[in-house]
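One-based numbering along the sequence shown.
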Amino acid sequence: MMEIMRSMASGFVAKILMGLLVLSFAVWGIADIFTNFGQGAVATVGKTEIDARDYQSELILEVNALSNQLGQRLTTSQTAAFGLPNQVLGRMISEATLNDMATSFNLGLSPTVLAKEISTEPAFQSLGKFDRNQMNLVLRNAGTTEDRYVLTREALETRRQLAAALTGKSTIPTAALKAFNGFTFEKRDVNYIALKEEAIGDIEEPSDDALNKYFEEKKIAFRAPEYRSFEILKLEPGDIIDTESVTDEDAKIFYETAASRFVQPEKRQMQQILFNSEEEAKAAADKIAAGASYEDIMAERNLAEADVDFGLLTKEEITDPAAAEEIYSLEEGQISGVIKGRFGSLLLRTAKIVPSQASPFEELKEQLKAEIAAQRATGEVLDVFDKVEDERAGGSTLKEIANKLNLPLRTVNSISKVGELQNGDKVTDLPEQEQLLSSVFESDIDFEADPVEIDNSGFAWFIVTDIVNSRDRTIDEVKDDVIAAWKKDELTKRNAALSAEILKEVKGGKSLEAVATERGLTMETATDVTRQAGDALPASAVQQAFNGPLAYKASAVDGDTQYILEVAKVTEPEFDADALQLNALRQNLDTNVGTDMLSQLSSTVLSDIGYTINEALMQQIVNGTN
């Protein structure tokens, strides 16, 4: 049974759970189909062309999504390394295959049906119904047009129609559902010993022969990386800010124009006594009218000042509208009549009034000058950018440009692509460091590369001045590092050898508990472990625990820890084909069975109708996306 399940996991199951992602995009569309467009056909599937504009916009969506996930903008080489260009094109080829099939079957949607589908699009809804102005706003923000969107949506709905016609009734057999149920919900108790490398203790110093042999085997790991030296000219608003050019008059005008920014609103200290009923509140108000104080009412109700005082608040900060209106109508120290508040009847007092007041200009003058200078600098960045580019076009060096335009120039000597200097120090303060270094290492000496954009607010130009090629180091240069690496590897080897010894003893007939006792180790038990999770055991150990039957013995490794484990108990799940917990699993599997069928059909059709790719145009788009 286990062999069958493993086969399913690597074949049918894996195909369902992993291999259908591209086709599901092709059939059901993607989350955001509002895109920008380029020109030309990047690929042709049968008689259906994939417009380069569509490909460009889909690729941009994928690059932006992954860039946001990673927290950094992907370079062209990183985009290629992640395989995004081929993934996007593969998905679009699948879509085009289905579009071509639909055309050959004369499938299509009537204008009425298409209009109905578009009118139910959630993004186009306002106040619970279709809003054409909202649709136009969404499409405009997405950089597309209504006509382009209608064509894209028509193709999507036609693919859905084709998918429903071919696979709409696909269901998974009950026997297969039972197998999936067992595979998913089976639980096991696992006895295990965890061997941490640190328990091995200190490793002795290696002999010269052992160290030399190790170094020769691992020499590439100690190889000196390529180092590059370069000059970098940086332009950000802070580099061209000029507070001296901002006059007092400029600051005064700014102060008067944005006067509301510098006004502290009126605040009032609100005190509130809440009553259970209007009658109780009225009785308290009558006592106050007869001469009792607010403090007297507080004492009657066992209230301390902290119970009634809400502190100084602006009118907008008081969440109860009735209380806000009343507090701001009272004089300082005045007590209100009975107020019907949001949570009951109230007696309020304005304990203190702090009037609205404007911060004086002289107090803010220097701050305002700095703000004005920063705004001006931001607006002048592109002007300075043009000046730098003009100077470069005229043959000026970065140093000459820096001197002429008073911009900061920095020299970076012998740095690796990962930001490590030749002396071992780390550099972390370069602008857009990862992208900058990547560009530096893609350039050549004295080559005028395009500037690197900094945070959408500035630019950095660089020129490579020297290249030190990667080379093999001698053992004397890295002896301490080699010894440390040898000891770490030796520690790992000895821990693995100890694990193998224990596993051999256990497989030879000894119980895991007995071996643990003999060796002064601790045996632990993880209960109710499933394939999906294990709090006590790492994924590698959980996988091994399900690779055999009851009493199965195996080892696994996770980082610096070796695990020797034994399956102590197997609990098969109950199976009821109509159980609620299986409904979601059944629905997913039914959908995936249909998608798998459609995938096979699509692959066959694609091999019949053929496809071509304009690789030159594709590469042009990829290079222009980043």
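For A485, the side-chain contact (heavy atoms from CB on, under 4.5 Å) partners two or more places apart in sequence, or in a different chain, are Y214, F222. Residues meeting the salt bridge (charged side-chain N to carboxylate O under 4.0 Å, His left out) test with E236, sequence neighbours left out: K234. With sequence neighbours left out, the ring-ring contact (aromatic ring centres under 6.0 Å, His included) criterion links Y611 to no other residue. In this structure, the side-chain contact (heavy atoms from CB on, under 4.5 Å) partners of D455, at least two apart in sequence or on a different chain, are E432, S457. By the salt bridge (charged side-chain N to carboxylate O under 4.0 Å, His left out) test, K426 is found to be paired with no residue, residues two or more places apart in sequence or in another chain being considered. Under the side-chain contact (heavy atoms from CB on, under 4.5 Å) criterion, D429 pairs with R410, V427, sequence neighbours left out. In this structure E197 satisfies the salt bridge (charged side-chain N to carboxylate O under 4.0 Å, His left out) test together with K488, sequence neighbours excluded. Shown here are the salt bridge (charged side-chain N to carboxylate O under 4.0 Å, His left out) partners of K315, two or more places apart in sequence or in another chain: E325.
Salt-bridge check for E380 with R376: failed, with every basic side-chain N at 4.0 Å or more from each acidic carboxylate O. The pair E389-R392 meets the salt-bridge criterion, with a side-chain N (NZ, NE, NH1 or NH2) lying under 4.0 Å from an Asp/Glu carboxylate O. Residues R153 and E157 are paired through a salt bridge, judged by an N-O separation under 4.0 Å between the basic side chain and the carboxylate.
Counting only residues at least two apart or on different chains, the salt bridge (Lys or Arg N to Asp or Glu O under 4.0 Å) pairs with a member in residues 460-472 are R223-D472, R471-E477. Screening residues 370-393 for ring pair (Phe, Tyr, Trp, His ring centres under 6.0 Å) gives F385-F459, F385-W461 as the qualifying pairs, with residues at least two apart or on separate chains. Evaluation of the ring pair (Phe, Tyr, Trp, His ring centres under 6.0 Å) test over residues 394-416, restricted to residues two or more places apart or in two chains, returns none.
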Indicate every side-chain donor-acceptor pair of residues 437-449 with a distance under 3.5 Å to a residue at least two apart or in another chain.
residue, atom, partner, partner atom, Å
S439, OG, Q435, O, 3.1
E442, OE2, S77, OG, 3.4

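If you run side-chain hydrogen bond (donor to acceptor under 3.5 Å, both in side chains) between Q422 and each of S416, S414, S229, only S414 comes through.
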